[in-house]
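Heads up: the structure comes next, in structure tokens.
Atoms within each ligand, like the ligands themselves, are counted from 1 in listed order. Numbering starts at 1 and runs along the sequence shown.
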Amino acid sequence: MPVNGLPPYDTTNIFARILKGEIPCRKVLETEHALAFHDIAPQAPTHILIIPKGSYVSASDFSTQASAEEVAGLWRAVAEVAKPLEATGYRIICNMGMDSGQEVPHFHVHVLGGRPLGVMVAKQG
Ligand code: 5GP
């Protein structure tokens, strides 16, 4: 049964395997509730992914099912990772479901920066 436009949590997804240590990552930060690491295909000079340690398939799943501690822990980790970019600014992206193009079905936050990032969403056509 799809949950929030996505199938149920798949314990073999790539970020679950990174959390289990089965696949390496370039770690930036690890806290009780979150792990941050460099994106394998960076779209900007800084492109870091922050993921919760719990098994949440999407932004919607995380926001409705995670505990207050997990939610705070994730967003505090995002702020910590983004701190070096504060002077020039940065963009936070959370893709959720089919129309967003979400590829990995484990909730994650992208932090992008290090250059002007252009338009927020590509024009249709
Ligand atoms: P989404 O499109 O789901 O929001 O973003 C998934 C992101 O995960 C993409 O930016 C992609 O480059 C990144 N990614 C996919 N596989 C791996 C991997 O094995 N390691 C790392 N570090 N990033 C990955």
His108, any N or O under 3.5 Å of ligand 1 N or O = yes
Interfacing atoms of ligand 1 (cut-off 4.0 Å, heavy-atom, Glu103) | 1 (P), 2 (O), 3 (O)
Criterion side-chain contact (heavy atoms from CB on, under 4.5 Å) on Phe15 and Leu35, from CA distance to verdict | CA-CA 10 Å; Phe15 292 171; Leu35 177 68; over 6 Å; no
Residue-ligand contact Gly101/ligand 1, heavy atom below 4.0 Å | yes
With hydrophobic residues grouped by side-chain heavy-atom distances under 4.5 Å, do Val78 and Leu29 end up in a single group?
-> yes
Beyond-backbone contact of Trp75 with Ile92, side-chain heavy atoms, under 4.5 angstrom | yes
Heavy-atom side-chain contact between Pro52 and His106 under 4.5 Å = yes
Is Ile14 reachable from Phe37 through a run of I, L, V, M, F, W or Y residues, each pair having side-chain heavy atoms under 4.5 Å apart?
-> yes
The answer for which part of Leu49 has a heavy atom under 4.0 Å from ligand 1 is side chain
Heteroatom proximity flag, Val104 to ligand 1, N/O under 3.5 Å | yes
Within reach of ligand 1, part of Phe107 (heavy-atom separation under 4.0 Å) = neither
Does His110 approach ligand 1 within less than 4.0 angstrom via side chain, backbone, both or neither, non-hydrogen atoms only?
-> side chain
Identify the closest protein heavy atom to atom 22 (N) of ligand 1: which residue and atom is it, and at what distance?
-> His38 O, 2.9 Å
Ranked by distance from atom 8 (O) of ligand 1, the top protein heavy atom is Phe15 CZ, 3.4 Å
Check each atom of ligand 1 against the heavy atoms of Asn95 and keep those under 4.0 Å away; list them by number with element.
-> 1 (P), 2 (O), 4 (O)
Rounded distance (nearest 0.5 Å) linking atom CD1 of Ile51 with atom CD1 of Ile18 = 6.5 Å
Interatomic spacing from NE2 in His110 to OG1 in Thr46 - rounded to 0.5 Å | 14.5 Å
Just let me know how Gln43 lines up against ligand 1, side chain, backbone, both or neither, with a heavy-atom cut-off below 4.0 Å.
-> neither
Would you say Gln102 and ligand 1 have an N/O pair spaced under 3.5 Å apart?
-> no
Closest to atom 9 (C) of ligand 1 (heavy atoms only, candidates Ile93, Asp39, Leu112) is Asp39
For atom 19 (O) of ligand 1, which protein heavy atom lies nearest, and how many Å away is it?
-> Ile14 CG1, 3.5 Å
Residues Phe62, Leu74; criterion side-chain contact (heavy atoms from CB on, under 4.5 Å); working and verdict | CA-CA 10 Å; Phe62 180 72; Leu74 187 279; 3.6 Å; yes
Could you tell me which residues satisfy salt bridge (Lys or Arg N to Asp or Glu O under 4.0 Å) with Glu80, sequence neighbours excluded, listed by chain and number?
-> none
Salt-bridge criterion met for Lys53 and Glu30 (N-O under 4.0 Å) = yes
Of the backbone atoms (N, CA, C, O) and the side-chain heavy atoms from C-beta on, which set of Ile40 has a member under 4.0 Å from an atom of ligand 1: side chain, backbone, both, or neither?
-> both
Taking only non-hydrogen atoms of Ala41 and a 4.0 Å limit, the atoms of ligand 1 in range are 12 (O)
